[in-house]
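The next block holds one structure in the form of structure tokens; read it before the comments.
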Amino acid sequence: KPKTKRSKRFLQGREPKLNENIKKAMLFKGGNANQTVTQALKDIYSLKKPNAVMYKKKNITRPFEDQSSLEFFSKKSDCSLFLFGSHNKKRPNNLVFGRMFDFHVLDMIELGIEKFVSLKDIKNSKIPEGTKPLLIFAGDAFETGNEHKKLKNLLIDFFRGPTVPCVRLVGLEHVLHITALEGKIYLRSYKVLLKKSGCRTPRIELEEIGPSFDFTMRMIHLASVDLYKTAHRQPKALKPKEKKNISHDVFGMKYGRLHMQKQDLFKLHTRKMKGLKRKAE
Amino acid sequence: MAACSIEDVLAKAERDEAEKLKSISVHKELELEFDPGNLIAFDKNPTDTRAFKKQNKDAFLRSLARDNTQLLINELWKLPTERVEEVIVAKLPEPTTRLPREKPVPKPRPSTKWEEFAKLKGIQKKKKTNLVWDDVHKEWKRRWGYKRANDDTKEWLIEVPETADPNEDQFSKRIKAKKERVAKNELNRLRNIARGQKIKVPGVGLAPSDQQSKTELGKAIHVAKHSTASVGKFQGNLPKEKAPKNIGKKRQFQPLIGDFSVEKQKQLDLLNIMDSKKPRIDITKAVNKQMREEDRQSGFQKRKSSGKKGRKGNFSGKGTAKGKGKKGGPGGGGGKNRKPRMKQGKR
């Protein structure tokens, strides 16, 4: 129970709300994590800063078997997204992306890194951290495959960043392009250069910065349909309130409806036309 | 001649437009799906695997990315813009992709009794200003709280109203009234919380809890007994019922301005006591109390240690003899000593 105003505000920040906070991610390593995996985690951490926490120590857990330590970490650091990196002979260079609902695991996808080029290997100027990225998903596999659809949803959730009402057009500098091709998933990160074109909309040139991954889909853990339904339920208060008795017709004219009570025509009070009154003669 | 040149001009203008648009237009078989609220684009076109294999992988991906980004940027540039502090900003619509929430939907807070009444009557909350003008200090002060405007409690002069008793203390009356109001507010707040959490609270008397101690039960009996019209005067006692001991005010204070002779006598008595040589505390009683306390402590220690060490060895014999020997010391020092102690001391 809070004893100071500051701690009370802190706890209120973590309560469930109508408009939620930005989802934070926690990145941590497993019992044996090699150089590749550690560097990959660090790169993704720099992409997700400041809404991410990176744990330095190794945690000997297996996300697909035991979820209790994941849930404990999530509760302590108030993170609903996680990324777990590990390496063993059977599954080399393993990354598990996952998200939580109410501090219980909702879904997890295991991706194996085939090829990885880190941020520091590509030597050019980078973008400031915290920029909201443009996300592009290419490939028809993202439409047809059920697992790919879930992966798409999870990656959107992971890399989306804060939801903003307006965005500075010049500041759209970062784009993450994800392609599903021949069973593999290619993630590339580019810097957007806006060049002059004849008209208002600029011409785009891309420069590769940032980490580039070649993933293969390994295991996937999905929640039950009921849990998904509960997680997607939006509070009624957020729905825009419909105005009743207002309609629009084909031409865009706005019509309103008034509901009148029945009027007794004999008791109506109209204007008195005294001149027209029949005088008693 | 003029007509030809006009046509030429128009044709040239069209060609220029096409040139301009060429740089930003991208041809795709299937149109992309956009979610501008989240800055997302979905490209459903099947990827050209032959081109992908032939070309350098990265270069292919890069050109694909460039095309898709161009389309997304075109879409974003179509959004309504406004100028915010010399910066052009596009207003984003609501995001369309359905994403799960982080935490479950919050439950609405239970409403208080006043809130329900206001809803029933249709009373709206009136927004009040933060600061109020204080004429006395000639400045803007808070409406309530520390250093508030028109503070009732800080007045140095209160006019005694016509109808009031002239010997009544108006200042203490105000303070008492405020205390009562604060207590009433606190009671109502707790009642609202109890109603919200559906905890049953009795109208009068003490609220029951799981394990009640003897004192709590005694207090509850006392409260129940005195909650009659004649304040418990005519309630009979049970056969072995005793009047509770610790009821009433803990400390009694004499009034500030009371009987002067009594006060004078009290002060003189105090001086006499200070002069006399008799010690104020009963030493025997104090020493006996101390010894009893030490007995209890050592007994407790012995039980604890015998519980732990009894399994291992038999140290208890040595421990008890030593303990008893020690107690002989302070027992001999007091005024009146208990006989058993003396016997052990002599040993």
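So that the names make sense, note that chain A is the first sequence line, chain B the second, and so on, each numbered from 1.
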Leading residue by heavy atom contact count with chain A [cutoff under 4.5 Å; candidates B:Asp58, B:Val89, B:Leu99]: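 With the most close heavy-atom pairs to chain A, the winner is B:Leu99.
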
Chain A: which of B:Ile88, B:Thr47, B:Val87, B:Leu61 shares the most heavy-atom pairs with it under 4.5 Å?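 Of B:Ile88, B:Thr47, B:Val87, B:Leu61, B:Leu61 has the most heavy-atom pairs under 4.5 Å with chain A.
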
B:Asn38 vs A:Leu135, test: side chain to side chain contact (heavy atoms under 4.5 Å, CB included). Steps then yes/no. CA-CA 8 Å; B:Asn38 275 328; A:Leu135 293 166; over 6 Å; no

Only counting residues at least two apart or in another chain, list the ones meeting side chain to side chain contact (heavy atoms under 4.5 Å, CB included) with A:Lys184.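 With sequence neighbours excluded, A:Lys184 shows a side chain to side chain contact (heavy atoms under 4.5 Å, CB included) to A:Glu114, A:Tyr186, A:Thr216, given in chain and number order.
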
Those residues that, when tested against A:Glu182, pass side chain to side chain contact (heavy atoms under 4.5 Å, CB included) (two or more places apart):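 Result, side chain to side chain contact (heavy atoms under 4.5 Å, CB included) vs A:Glu182: B:Thr49, B:Phe52, B:Lys53.
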
When only pairs under 4.5 Å are counted, which of [options] shares the most heavy-atom pairs with chain B?
options: A:Arg200, A:Lys195, A:Arg233, A:Gln234; answer: A:Arg200
options: A:Glu15, A:Glu208, A:Arg99; answer: A:Arg99
options: A:Ser80, A:Ser212, A:Gly171, A:Ala180; answer: A:Ser80

Can you tell me which portion of [X] sits under 4.5 Å from chain B's heavy atoms? Options are side chain, backbone, both or neither.
X: A:Leu169; result: both
X: A:Lys229; result: neither
X: A:His177; result: side chain

Answer yes or no: are there more than 12 heavy-atom neighbours, outside [X] itself, under 6.0 Å from its atom [atom1]?
X: B:Glu139; atom1: CD; result: yes
X: A:Gln12; atom1: CD; result: yes
X: A:Lys75; atom1: NZ; result: no

Report which part of B:Pro104 has an atom under 4.5 Å of a heavy atom belonging to chain A: side chain, backbone, both, or neither.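 Both backbone and side chain.
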
Results of side-chain hydrogen bond (donor to acceptor under 3.5 Å, both in side chains) for A:Lys23 - residues two or more places apart only: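 Applying side-chain hydrogen bond (donor to acceptor under 3.5 Å, both in side chains) to A:Lys23 gives A:Asp157.
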
Tell me the residues of residues 62-84 of chain B whose non-hydrogen atoms fall below 4.5 Å from those of chain A, in number order.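 Answer by number: B:Arg62, B:Leu64, B:Ala65, B:Arg66, B:Asn68, B:Thr69, B:Gln70, B:Leu72, B:Ile73, B:Asn74, B:Leu76, B:Trp77, B:Thr81.
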
Mind checking the OG1-CG spacing from B:Thr97 to A:Asn153? Nearest 0.5 Å is all I need.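 Answer for the OG1-CG pair, B:Thr97 versus A:Asn153, is 8.0 Å.
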
Is it true that a side-chain atom of A:Glu20 and a backbone atom of B:Lys103 form a donor plus acceptor pair closer than 3.5 Å?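 It does hold such a pair.
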
